[in-house]
Amino acid sequence: MVEKMKYISITGHISHMNHVVSRYLSRYDIQLEEAPHLPGQMEPFTTHNPYTKTLEKAEAFLELLGPAPTLHLPITRANAVNMVEAAHIAFEERGDKLRKMEDECQAIGAYIHRLEPFKSFDAPLSQLADLGFIHTRFGRMPIDNYRQYTAFLAEDEKILLHVCKKSKEYAWVVYFTPRVHRDTVDAVFSSLNFEAISLFGMLHEESYPSLLLTYWNDRRQALEIEIQALTQQSLADTVGSSQRLTIACEKVKAMHRAFAIKRHAALSRGKRIFTFVGWMPETESQALEAEIAHDDLAVFARYGETEDSPPIRLKNPPIIRQFEFFTRLYGLPVYGEVDPTPLLAVTYTLLFGLMFGDVGHGLVLGLIGLYIHLVMKKPLGGILAVVGVSAMIFGFLYGSIFGFEDLLPALWRRPMTDITGTLFFAVGVGVGLILLSMCLHMYNAAKQGRISDLLFGANGMAGLLFYSAVLWLAFRALIWGQGFTPTIVILALLPLVLVALKHPIKRLIEKEPSTETPGMFIFNTIIGLFETLLSYATNTISFVRVGAFAISHAGMMHVVLQLSQTAAGSRNLVVLLLGNIIVMVIEGLLIGIQVLRLDFYEIFSRFYTGGGRGFTPSRE
C-alpha cells in the first residue's frame, strides 16, 4: 500500500537551527523540499559546509581504522574537528621508518604485478641473469603482433620464444637470443610493440617465479600488518587512542550530514527566521507534532496535500515487500493510486506455479532463492523462494516430482492428459484478472476524480459492460449452443458506443470546444475502437500461454524421462540429472519473464500509470 503523506513545516529562530536539525530533522524520516524563495522576503540558505575538508580526512581514517565502537563517548563538535585535524597532521609527519616501509610495500606490490603473468615460467631467474652469452628479456606484446611473430619469425634460429600467458589483448613472453644478435633481435621485437618488463631487480634465494610470488606476497602482508600497527600507534600517541579518533571521525560525518540538511532551509529577510518544509508519513508527522508541542524553540505545522505530488513510500508486509522490486521496474504509483504490489505478488506467484508445477523443481528453486535472499541479500532471492513454494504446491496438484508422474497422485489434474481443460482454465484465470484490473482502474479514476475515465473509458464502466457482454455471448454460444439475436447484439454493443464517444462526452461535460473536424473525428474513433477491440482480444488470448507452459513443462520432462530410459529398463542418472537442470534453467527463466510480461502488459496497463517519485529521507 502507499503510505499516506503530510506536508509539514518547521520554523524557528536562526540561533536554534542546529537544535532543530540535530533533534528532529536528523531523527525523523522527512523528505525536505526546497522552501519557497520569495525575493525580498525569503532567501535560500547558501552557507558553505565548513566540515567538507575535515570529512575527507575523517573518511580516510575510518577506512584505515575501521568502524567506531558501539558505545560512543560524548564529544563536542570543536573537539571532534580538532582531533581529526591533529591526527591528520600527525599522520602526514610520520617517522622515516614508517615511510620507508610504505615505499617498500608499494615497490613489492608493483613487482608482484609485473611477476604475476610469468608465474608459470619454470626456471630460476637468478641463473638467467648470470648467462654470459645469452641475452634474455621478459615482456609483453599485443596479441595481434604476437600472431605476426608466429606467422613470420617463429622459424628464426636466432630466437627462442616462450609464451607464459595470453589474454584477448596481450601475450606475455620471454625470448632468448645469442648476445651477439641482441641489438638486432631487440629491434625486431621493438617493431612488434614489445614492452620489456624487468624481473631481475628483486630476486631471492628461491628465484623461480611461483616461489618468488609466494615470498613477496607474504612479505607484503607482513609489512601491511606492521604498517597498520605503527600507524595506529602514531595516531594513538597524538589523540590518545584509535577508538577516540574513530568516534571523532563519526562525529564529523554526522556534523557534515546535519549541515547538509540546512541547505533546504529558507531564511527570512535579515536572516533571523528559518523555515524547513517537506513531506513525511502521516503517522510519524503526528509523533513529531506531539514532540515539538513541548519545545519552545520551534514551531511545527502540518498541512494537507499541496500542488506538488507527494513522494511515494510503499508499506507492505515482508512477504509482499519482496515484489516491490518488480513494481519499481515499472514505476512507483502516483500518489492516490492503488499500489499494485499486493496484486503483483499474488498473480506472479499464482501464475508461476500454474506454469511450473513440479514438487522437486519448486523445492530446488525455493532453496536457491533462500540462499540468494539470506546470504547474497539480493531482492530476487525472496521472490524466487516464494514462487518456488508455489511451484511445489502446484506440483502436488499436478502429481509431478522431477518430471515423474507415477510417484504422486494428482490432487487436481495432469496438464498433459487434460490439455483442453488446462487451456480453458488458463483463459478463465486471465479473464478474471482482466476484470479485476478494470475494477481497479475504475477505483483509481473515482479516487482521482476522472469521471469520464470512470464511466466511458475502455477500462471503465462502459468497457467493463462491453467486455462482460462479449464473454456472456461467447459462453452462451460455446457452452449452451445458443445463437445471437439482434436485440442481444445491440445491447452488447451499446457500451462500446459510449467508449467511442468518450472524448465528445467529456468535452460536453467540461464545456470545452472541439478542435476536430468531422472527418478527423471519424478516423480517430475507428482507430480507437480497433485498438480497444484488439487489446481485449489479445490480452485475453495471451493467457493461453499459462496453460501452454504447464503442458510444455510436463512434455519436456516426459522427453527427459524417455531419454534417461536404458535398454535394461533402468534410469541413466547422469541424463536424468542434466535433463532436470536444463529444464529448470530454461523454463524457469522463460516462465519468470512471461509471467512478468503478463502482469505488466495484460494487467498493469489497464489501471496503472506508474509515474510517482520515491520518498528519500533527507537524513540519509
Side-chain angles (χ1 to χ4, degrees), residues 64 94-232:
L64 180 67
R94 288 165 294 170
D96 292 338
K97 178 182 178 182
L98 190 54
R99 288 189 177 278
K100 289 179 180 179
M101 291 173 62
E102 288 179 336
D103 293 341
E104 182 183 357
C105 190
Q106 185 176 2
I108 291 173
Y111 183 70
I112 289 174
H113 178 72
R114 298 197 305 270
L115 185 62
E116 182 69 30
F118 302 96
K119 62 182 178 181
S120 63
F121 186 72
D122 190 19
L125 300 184
S126 57
Q127 293 184 12
L128 297 180
D130 296 333
L131 293 177
F133 299 100
I134 302 297
H135 174 59
T136 307
R137 267 200 170 183
F138 291 83
R140 71 176 187 177
M141 65 174 71
I143 196 69
D144 292 336
N145 294 110
Y146 170 73
R147 293 192 183 103
Q148 292 177 7
Y149 170 84
T150 57
F152 301 106
L153 296 171
E155 303 300 327
D156 193 327
E157 297 179 352
K158 299 189 295 296
I159 303 172
L160 175 62
L161 185 83
H162 177 74
V163 180
C164 298
K165 180 184 177 182
K166 284 194 295 185
S167 69
K168 293 181 179 180
E169 292 83 17
Y170 290 98
W172 283 263
V173 302
V174 53
Y175 67 82
F176 305 88
T177 186
R179 191 167 293 274
V180 294
H181 300 301
R182 179 183 62 183
D183 294 340
T184 302
V185 173
D186 284 350
V188 169
F189 275 91
S190 177
S191 68
L192 294 173
N193 296 313
F194 179 84
E195 302 174 28
I197 298 176
S198 175
L199 300 181
F200 298 116
M202 299 180 67
L203 300 182
H204 190 253
E205 295 177 358
E206 298 289 353
S207 59
Y208 286 86
S210 59
L211 298 177
L212 279 172
L213 282 172
T214 301
Y215 172 79
W216 288 116
N217 274 316
D218 292 343
R219 174 59 179 163
R220 182 173 64 171
Q221 186 177 4
L223 279 173
E224 288 174 347
I225 294 174
E226 191 173 357
I227 288 171
Q228 186 174 18
L230 288 175
T231 300
Q232 291 185 0

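Since this is a predicted model, take the numbers as computed values, not measurements.
- Heavy atoms from other residues, nucleotides or ligands lying under 6.0 Å from CD of Gln221 number 12 at most.
- Closest non-hydrogen pair, Met202 versus Ala107, comes out as SD-O, 4.2 Å.
- Shortest non-hydrogen contact noted between Ser120 and Cys164 is OG-O, 3.1 Å.
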**OP:** Given side chain to side chain contact (heavy atoms under 4.5 Å, CB included), test Leu192 with Leu153 step by step and report yes or no.
**Re:** CA-CA 11 Å; Leu192 294 173; Leu153 296 171; 4.3 Å; yes
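- Contact detail for Leu203 and Ser126: the closest heavy-atom pair is CD1-CA, 3.8 Å.
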Original post:
Would Arg147 and Asp144 satisfy salt bridge (charged side-chain N to carboxylate O under 4.0 Å, His left out), going step by step from the backbone distance to the final call?
Top reply: CA-CA 5 Å; Arg147 293 192 183 103; Asp144 292 336; 2.9 Å; yes
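- Separation of atoms CG (Leu213) and CG (Leu115) is listed at 4.0 Å; rounding is to 0.5 Å.
- Counting all heavy atoms, side chain and backbone alike, Val173 lies closest to Met141 at CG2-CE, 4.2 Å.
- Distance check: Tyr175 OH to Arg137 CZ gives 4.5 Å after rounding to the nearest 0.5 Å.
- Across all non-hydrogen atoms, the minimal contact from Phe176 to Val174 is CZ-CG2, 3.9 Å.
- Here OG1 of Thr214 is found 9.5 Å from NZ of Lys119. Values are rounded to the nearest 0.5 Å.
- Enclosure of atom CD in Glu195 by more than 12 non-hydrogen atoms of other residues, nucleotides or ligands within 6.0 angstrom is indicated.
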Original post:
Stepwise, does the side chain to side chain contact (heavy atoms under 4.5 Å, CB included) test hold for Phe121 with Leu199?
Top reply: CA-CA 12 Å; Phe121 186 72; Leu199 300 181; over 6 Å; no
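- A salt bridge is absent between Lys165 and Glu116: the closest approach of a Lys/Arg side-chain nitrogen to an acidic carboxylate oxygen does not fall below 4.0 angstrom.
- Note: Glu102 CD to Glu224 CD = 11.0 Å, rounded to the nearest 0.5 Å.
- Residue Asp122 qualifies as open at atom CG: its count of foreign heavy atoms under 6.0 Å is 12 or below.
- Checked options Thr177, Asp186, Asp183; the residue passing with His135 is Asp186 (criterion: side-chain hydrogen bond (donor to acceptor under 3.5 Å, both in side chains)).
- Counting heavy atoms from C-beta outward, Ile143 and Ser167 have side chains that stay 4.5 Å or more apart.
- Annotation: the span from Asn145 atom CG to Ser191 atom OG amounts to 8.0 Å, rounded to 0.5 Å.
- Distance check: Lys100 NZ to Leu223 CG gives 14.0 Å after rounding to the nearest 0.5 Å.
- Closest heavy-atom contact between Phe118 and Gly139: CZ-O, 3.6 Å.
- A donor-acceptor pair under 3.5 Å links the side-chain atoms of Arg114 to the main chain of Ser198, judged by distance alone.
- Side chains of Tyr111 and Leu212 form a contact here, defined as non-hydrogen atoms less than 4.5 Å apart.
- Centroid-to-centroid, the aromatic rings of Tyr149 and Phe189 come within less than 6.0 Å.
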